[in-house]
Amino acid sequence: MTRPLVLYPDRLFPADPGTRAIARALYEGVKDLPIVSPHGHTDPAWFAYDAPFTDPASLLIVPDHYVFRMLYSQGVALESLGVPSVDGSLVEQDPRKIWAIFAQRYHLFRGTPSRMWLDWVFAEVFGLDVLLDESTADHYYEVIDAALKTEAFRPRALFERFGIEAIATTEGPLDPLVHHRAIRESGWSGRVVTAYRPDPVVDPETPGFAAKVAKFGEMAGEDVSTYAGYLAAHRFHRARFREAGATSTDHGHPSARTADLSPEDCEALYRRVLAGASKEDAELFRAQILTEMAGMSVEDGMVMQLHPAVYRSHNQAVLDRFGRDKGGDIPLPGEFVQALKPLLDRHGNDPRLTLILFTLDEDVYSRELAPLAGHYPSLRLGPPWWFHDSPEGMRRFRERTTETAGFYNTVGFNDDTRAFLSIPARHDVARRMDCAWLAQLVAEHRLPEDEAHEVARALAYDLVKAAYKL
Amino acid sequence: MTRPLVLYPDRLFPADPGTRAIARALYEGVKDLPIVSPHGHTDPAWFAYDAPFTDPASLLIVPDHYVFRMLYSQGVALESLGVPSVDGSLVEQDPRKIWAIFAQRYHLFRGTPSRMWLDWVFAEVFGLDVLLDESTADHYYEVIDAALKTEAFRPRALFERFGIEAIATTEGPLDPLVHHRAIRESGWSGRVVTAYRPDPVVDPETPGFAAKVAKFGEMAGEDVSTYAGYLAAHRFHRARFREAGATSTDHGHPSARTADLSPEDCEALYRRVLAGASKEDAELFRAQILTEMAGMSVEDGMVMQLHPAVYRSHNQAVLDRFGRDKGGDIPLPGEFVQALKPLLDRHGNDPRLTLILFTLDEDVYSRELAPLAGHYPSLRLGPPWWFHDSPEGMRRFRERTTETAGFYNTVGFNDDTRAFLSIPARHDVARRMDCAWLAQLVAEHRLPEDEAHEVARALAYDLVKAAYKL
Amino acid sequence: MTRPLVLYPDRLFPADPGTRAIARALYEGVKDLPIVSPHGHTDPAWFAYDAPFTDPASLLIVPDHYVFRMLYSQGVALESLGVPSVDGSLVEQDPRKIWAIFAQRYHLFRGTPSRMWLDWVFAEVFGLDVLLDESTADHYYEVIDAALKTEAFRPRALFERFGIEAIATTEGPLDPLVHHRAIRESGWSGRVVTAYRPDPVVDPETPGFAAKVAKFGEMAGEDVSTYAGYLAAHRFHRARFREAGATSTDHGHPSARTADLSPEDCEALYRRVLAGASKEDAELFRAQILTEMAGMSVEDGMVMQLHPAVYRSHNQAVLDRFGRDKGGDIPLPGEFVQALKPLLDRHGNDPRLTLILFTLDEDVYSRELAPLAGHYPSLRLGPPWWFHDSPEGMRRFRERTTETAGFYNTVGFNDDTRAFLSIPARHDVARRMDCAWLAQLVAEHRLPEDEAHEVARALAYDLVKAAYKL
């Protein structure tokens with residue numbers, strides 16, 4: 001028996017009719033604002049060459065670790081979902097079979113944001129009006145597959161249809177940025193910028209670190225045998241990224257630790273990590289480089305983002321067989337107060353610095369992040385991240401940060417995704433949840449309604465443009 | 001002036017009328033499902049011999065640490081509540097006096113789940129219709145005492161009246177399980193199974209550890225002077241428990257730490273802990289045994305439960321005078337990501353293992369537990385535990401775990417109690433709170449109502465039976 | 001365009017009409033109860049000499065770190081707000097200019113409790129009926145400035161108008177308490193008491209610690225070269241403070257750590273810290289003194305308050321230029337279970353001790369504080385503190401502590417403020433939020449309405465008087 005697929009206009013709004021009416025009015029004022037996506041992981045090649053997406057499974061399942069981690073947690077082998085193996089051994093190649101496995105288990109996603117994003121994609125992007133399940137799997141596959149073969153579903157057409165004003169991708173420091181150049185040279189009007197994520201040449205625990213640093217120096221024409229040369233190479237690459245539109249850097253570290261060592265200690269530490277770092281030296285080097293990056297941001301105006309405290313690739317067997325980013329990343333406790341002190345002592349009061357902080361440890365919202373951002377002029381709070389990029393996660397973020405940090409020390413929404421088709425759905429969830437929160441404040445007479453309208457617009461559009469200089 | 005005691009049909013449902021109506025409809029579909037109680041601390045002797053409960057105080061106050069901890073916190077001496085002393089020195093023996101102290105202070109329980117469970121017991125089990133307070137204390141005592149003397153209030157009659165399909169007790173590894181045998185041999189149809197809780201022979205810090213291990217080996221006919229013999233004894237006792245119906249093991253450790261040492265290191269560690277363990281060796285031994293237990297679960301199919309991170313018997317004076325389990329246990333911070341890695345590296349991807357995790361540190365729900373259970377096929381989330389087995393605790397559990405782990409990586413409800421009469425009340429609270437949460441999802445258009453009905457049934461009945469193989 | 005300033009009678013009550021009606025009824029019963037303010041930082045000189053407040057900026061902005069920290073976080077220099085510099089270098093002196101900067105940026109406070117408190121002060125105390133912004137800045141300044149010049153806005157008149165039954169200030173151990181004496185000797189009927197906050201002679205990391213201890217001994221007539229003499233000096237000063245009305249002590253430590261050393265170890269430790277303490281010795285000394293203070297509270301009946309785990313003056317540049325208490329204090333993780341054990345082992349079961357615990361780490365509410373206070377007869381939970389003294393903070397406090405600790409292990413509200421004019425607003429927020437929480441319990445049939453009325457009164461008035469012996 002087929003069930004209908006319906007996107008209710010009032011979804012995510014509070015159930016109380018009075019509050020809901022306020023939320024609806026607030027949302028009316030922001031729902032059609034352009035999307036500014038300042039941090040994410042879409043592939044610039046899509047926009048550079050505008051090739052069609054190949055099939056439903058390769059587009060919506062194989063690359064989406066939110067989707068396959070849930071299926072894996074319920075006993076579905078990653079091989080059967082077509083997730084490529086490291087050694088090239090055979091995994092499922094038939095997208096219809098992959099799709100069928102997913103469709104059969106779509107109930108596993110009940111209550112998750114993936115369900116909400118996917119339903120939006122199915123209904124809004126592909127016009128489907130029945131719910132996905134075993135009985136509708138083939139119908140879904142055919143409708144989506146047929147659509148993907150049309151011009152209207154090419155990356156650029158979708159970009160325009162989605163109302164994206166600007167989107168940032170994220171590239172490593174050795175990336176030649178050819179796709180971004182191709183986009184610019186194509187004459188297409190879509191704004192796709194990069195972001196500088198130097199982790200591979202900052203984290204001595206990266207496999208092949210020394211070789212990567214050597215390449216990094218070579219590309220920059222700098223002698224990276226010295227720390228000074230290494231820093232100069234960063235300046236070169238930051239400038240190179242800015243030419244490809246970058247307005248921000250991004251740093252994904254195991255902790256938020258920062259350091260501010262003497263030049264001599266930096267030089268000695270750098271030599272040690274190039275030779276093969278101890279765990280403590282690796283941590284100290286990453287810590288020192290965060291402070292250096294903040295200093296360079298003061299110089300060049302690039303906004304700095306810090307995404308700390310994730311245990312990457314916790315599942316050793318999955319890492320060995322399928323590589324990184326396969327759903328096995330698990331959050332760690334956050335600590336910012338001691339960790340950021342050296343960086344903040346050096347640059348925290350400088351109005352030219354914007355350092356945007358993210359966390360996966362929600363206890364930190366009210367204990368550390370809101371108090372820090374509510375005081376230091378350089379600090380801003382990034383939106384709820386990753387596992388918390390969800391209705392409840394967004395609710396907790398506002399409930400726990402607003403009273404101490406206010407709205408204006410936050411920076412709007414990041415979709416942070418490689419799932420391109422879900423981008424409007426994610427921004428829509430954020431806008432709805434912000435309006436829901438504001439509606440509660442209005443209904444409880446904690447904020448006048450006219451001011452709530454101004455805040456709603458700021459959260460949906462103004463703050464992100466200002467913070468990221470987009 | 002006597003106040004009425006009323007159990008409102010809509011209790012615990014959201015106040016918003018629309019949402020409440022949805023919750024009511026969902027609850028209607030699950031309220032009469034049988035109770036499956038996969039983890040708890042009832043006394044199997046009750047069901048084996050079906051002796052009447054002696055009096056109201058001995059049944060409802062003296063053994064209930066939720067009740068006497070609150071009274072103690074407000075200055076009531078445990079002696080006056082009849083809590084037995086370790087040295088046998090006199091404590092209050094008159095159950096009427098104990099009852100009077102409790103009744104006078106019943107207002108202290110306002111807003112607590114104890115109040116809700118007790119009111120349910122008073123109204124539903126005993127048919128009382130006035131509120132307990134000083135003025136009604138005698139009436140209560142007489143009504144309850146009279147009821148307990150009747151056939152209808154014997155343990156087996158209540159078991160049947162409560163609609164219990166299956167209940168698990170928890171026994172130590174040296175328990176001869178005679179009561180469970182007596183239940184089976186009695187021909188009574190009630191399903192009462194045991195669970196294997198080997199802590200006394202796993203935790204070297206248990207008083208008399210070496211002697212207990214010796215007894216453990218003797219009962220098994222194994223030479224426990226070697227680690228191999230010690231593991232063989234576990235296999236023997238696990239099989240013995242399975243014969244008494246056990247489908248699960250349970251582990252109450254000071255932390256979730258696991259280890260995966262070489263056989264030589266295990267042997268050496270085992271010898272050291274038998275001789276008298278250092279604190280670090282004790283922790284390491286417990287850690288290693290968790291991994292061994294997981295391995296044996298892979299072999300024999302027993303579901304593994306981990307209840308970590310409680311400071312047991314924090315109040316030294318109470319421990320000295322009254323012994324363990326007297327309300328002085330206090331939660332500790334949880335840490336699972338680093339702690340479980342050795343066990344998960346060894347067995348975490350094995351579909352034959354089910355490891356159910358519990359926590360008393362709620363920050364861990366969204367940061368660690370939901371991400372872990374939403375990825376590893378072996379992991380499931382136990383329901384909110386102990387201090388969090390309450391309406392707000394249940395609400396937080398669903399709010400913080402659903403979006404990352406979904407519903408199907410959870411395992412329904414555990415009452416975890418020795419308060420037999422409160423078991424239906426506790427399951428009823430869980431069913432109501434789950435329906436309340438689902439109703440909110442439906443009202444906010446985050447889940448279609450027909451799917452919510454399926455989930456409600458899964459949470460109340462299907463998931464617990466599947467996870468615990470009951 | 002001027003916007004109206006309206007204080008809605010139903011503010012902070014839940015939006016659901018049924019629940020709101022219950023909240024309104026509960027609030028009706030407590031809104032006019034006298035204010036008991038057992039812990040705060042008002043200046044006793046105000047009440048001693050009843051001098052008029054000088055101007056709007058000096059009253060409402062310059063001393064309020066909630067206000068200037070938010071402005072500073074958005075790039076406003078503290079100099080321009082008239083915050084005095086340590087070296088006496090010039091800062092803004094014109095209160096009109098300070099006021100204008102604040103007024104222009106009043107939107108930054110949207111969603112914060114400062115906004116709610118200030119709006120209350122503007123509307124209720126000064127009768128303003130338009131919203132503060134750039135266009136109304138001058139009007140505000142003139143209205144407030146004119147009012148402050150009248151008799152009705154002197155400290156004592158406001159004290160009486162606010163319905164304050166008793167208020168506690170907080171003084172250091174070297175304070176001569178002359179203002180409190182002046183109040184008593186003036187014949188004025190207002191009850192203003194002090195509280196004993198010995199941190200400067202307890203924390204060896206205080207600048208000039210040894211000299212302060214010497215002064216402390218000299219004032220007491222005790223030989224503080226020995227630990228015994230040092231303790232005797234505490235007894236002297238505690239008695240001196242009690243004469244100035246004190247019923248409580250207060251302790252602001254970097255952690256909740258306590259210790260219970262042997263007399264010899266205390267003596268040796270004391271000698272070491274007088275000579276210049278190591279970090280670890282300083283921590284151990286503070287820990288030991290907390291246990292000593294608990295012992296003295298057993299003797300003299302003073303209620304003990306512990307406010308732990310804040311990183312004071314995190315912003316080094318602000319500390320250097322403007323000194324302490326300038327908005328740069330940031331919370332740290334809380335830990336009470338291990339930390340309090342030595343003190344509780346010694347005094348935790350003594351009914352003569354009341355130790356009131358505060359935290360800025362909200363995860364600790366349900367994990368540690370509620371379980372501890374729900375067991376130990378000496379422990380009580382202070383209200384949500386500082387950054388959490390807000391509607392959402394209060395909601396979380398009740399949601400996370402009530403079910404384990406109940407209502408009667410909490411102690412009502414503390415305003416903890418130096419912002420005198422906001423005191424009624426803060427108590428009003430607490431009363432409203434408690435009524436909102438109780439209304440939810442009533443609406444969800446978790447507490448009968450008549451009992452909720454009793455609890456509302458206890459939370460607003462009875463519990464604070466009892467706990468603080470006021």
Side-chain angles (χ1 to χ4, degrees), chain B residues 3-17 19 65-66 69-70 72-76 105 107-116 131 309 311 314-318 326-334 359-364 386-393 395-396 436, chain C residues 14-20 22 333 335-338 340-341 344-346 348-349 351 361-368 370-380 398-409 437-448 450-452 454-455 458:
Chain B
R3 310 190 198 196
L5 172 61
V6 184
L7 299 184
Y8 288 90
D10 282 341
R11 61 191 186 277
L12 294 177
F13 297 155
D16 170 68
T19 314
H65 56 69
Y66 286 83
R69 84 191 303 276
M70 176 63 88
Y72 185 69
S73 80
Q74 287 280 318
V76 177
R105 291 166 181 80
H107 67 282
L108 298 176
F109 295 92
R110 286 171 179 164
T112 71
S114 292
R115 164 71 182 264
M116 191 165 298
L131 193 70
Y311 193 126
H314 188 269
N315 189 325
Q316 189 64 43
V318 167
K326 291 303 176 295
D329 299 340
I330 310 290
L332 294 169
T359 189
L360 293 173
D361 180 357
E362 297 181 296
D363 190 35
V364 163
W386 198 341
F387 298 103
H388 309 323
D389 171 14
S390 63
E392 296 299 321
R395 192 197 309 275
R396 286 193 289 270
Chain C
D16 170 67
T19 314
R20 177 165 287 188
I22 301 166
E335 198 293 306
F336 291 86
V337 180
Q338 313 278 1
L340 291 180
K341 177 101 170 89
L344 292 171
D345 277 350
R346 164 109 8 207
N349 294 290
D361 180 357
E362 297 181 295
D363 189 35
V364 164
Y365 283 151
S366 69
R367 189 182 71 218
E368 304 186 7
L372 284 165
H375 169 68
Y376 280 99
S378 58
L379 295 183
R380 293 292 182 271
R398 293 289 175 209
E399 286 176 352
R400 299 186 192 182
T401 66
T402 305
E403 296 180 320
T404 292
F407 289 109
Y408 295 89
N409 285 308
W437 167 240
L438 289 167
Q440 186 187 337
L441 295 188
V442 172
E444 294 175 9
H445 304 301
R446 294 157 70 181
L447 188 68
D450 57 345
E451 296 188 57
E454 294 174 29
V455 175

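Predicted model, so just to flag it, every value in this text is computed and none were measured.
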For M70(B) and N409(C), what are the C-alpha separation, side-chain angles and deciding distance, and is it a side chain to side chain contact (heavy atoms under 4.5 Å, CB included)? CA-CA 9 Å; M70(B) 176 63 88; N409(C) 285 308; 3.7 Å; yes
Quick one: are P9(B) and H445(C) in side-chain contact, heavy atoms under 4.5 Å? no
L5(B) side chain near P448(C) side chain, heavy-atom distance below 4.5 Å: no
Would you name the heavy atoms of [X] and [Y] that are closest together and state the gap between them?
X: G406(C); Y: T112(B); result: CA-CG2, 4.1 Å
X: L441(C); Y: G111(B); result: CD1-CA, 4.4 Å
X: A373(C); Y: S73(B); result: O-CB, 3.4 Å
X: P331(B); Y: V337(C); result: O-CG2, 3.5 Å

Most contacts with chain C, counted as non-hydrogen pairs under 4.5 angstrom, among [options]:
options: P4(B), P14(B), P391(B); answer: P391(B)
options: A317(B), P17(B), G327(B); answer: G327(B)
options: Q316(B), R11(B), H65(B), Q74(B); answer: Q74(B)
options: N315(B), L7(B), V76(B); answer: N315(B)
options: L12(B), D361(B), D10(B); answer: D361(B)
options: G334(B), P113(B), A309(B); answer: P113(B)

Return the option, out of R380(C), E335(C), E368(C), with the maximum number of heavy-atom pairs under 4.5 Å with chain B. R380(C)
Of all of P333(C), P371(C), G18(C), which one pairs up most often with chain B through heavy atoms under 4.5 Å apart? P371(C)
For the [atom1] atom of [X] and the [atom2] atom of [Y], what is their distance to the nearest 0.5 Å?
X: T404(C); Y: E392(B); atom1: OG1; atom2: CD; result: 11.0 Å
X: E399(C); Y: S390(B); atom1: CD; atom2: OG; result: 11.0 Å
X: I330(B); Y: H375(C); atom1: CD1; atom2: NE2; result: 6.5 Å
X: R110(B); Y: R446(C); atom1: CZ; atom2: CZ; result: 15.5 Å

Toward chain B, the part of [X] with a non-hydrogen atom under 4.5 Å:
X: L372(C); result: both
X: A452(C); result: neither
X: T19(C); result: side chain

Which bit of L108(B) is near chain C, if near means a heavy-atom gap under 4.5 Å: side chain, backbone, both or neither? both
Atom group of F387(B) that falls short of 4.5 Å from chain C, counting heavy atoms: both
Pairing of E362(C) and R396(B) as salt bridge, 4.0 angstrom limit: no
Does a side-chain N-to-carboxylate-O contact under 4.0 Å join E403(C) and R395(B)? no
Can any side-chain N or O of D363(B) pair as donor or acceptor with the backbone N or O of D363(C) at less than 3.5 Å? no
Decide side chain to side chain contact (heavy atoms under 4.5 Å, CB included) for H107(B) and E454(C); before the verdict, give the C-alpha distance in whole Å, the side-chain angles of both, and the deciding distance to 0.1 Å. CA-CA 10 Å; H107(B) 67 282; E454(C) 294 174 29; 5.8 Å; no
Sequence-distant partners of T402(C), side-chain contact (heavy atoms from CB on, under 4.5 Å), two or more places apart: R398(C), F407(C), W437(C)
Not counting sequence neighbours, which residues clear salt bridge (charged side-chain N to carboxylate O under 4.0 Å, His left out) with R105(B)? List them please. none
Walk me through it: do K341(C) and H314(B) pass the test side chain to side chain contact (heavy atoms under 4.5 Å, CB included)? CA-CA 7 Å; K341(C) 177 101 170 89; H314(B) 188 269; 3.6 Å; yes
Checking Q338(C) against L332(B) for the side chain to side chain contact (heavy atoms under 4.5 Å, CB included) test, could you report, in this order, the C-alpha distance in whole Å, the side-chain angles of both residues, the deciding distance, and whether it holds? CA-CA 9 Å; Q338(C) 313 278 1; L332(B) 294 169; 3.7 Å; yes
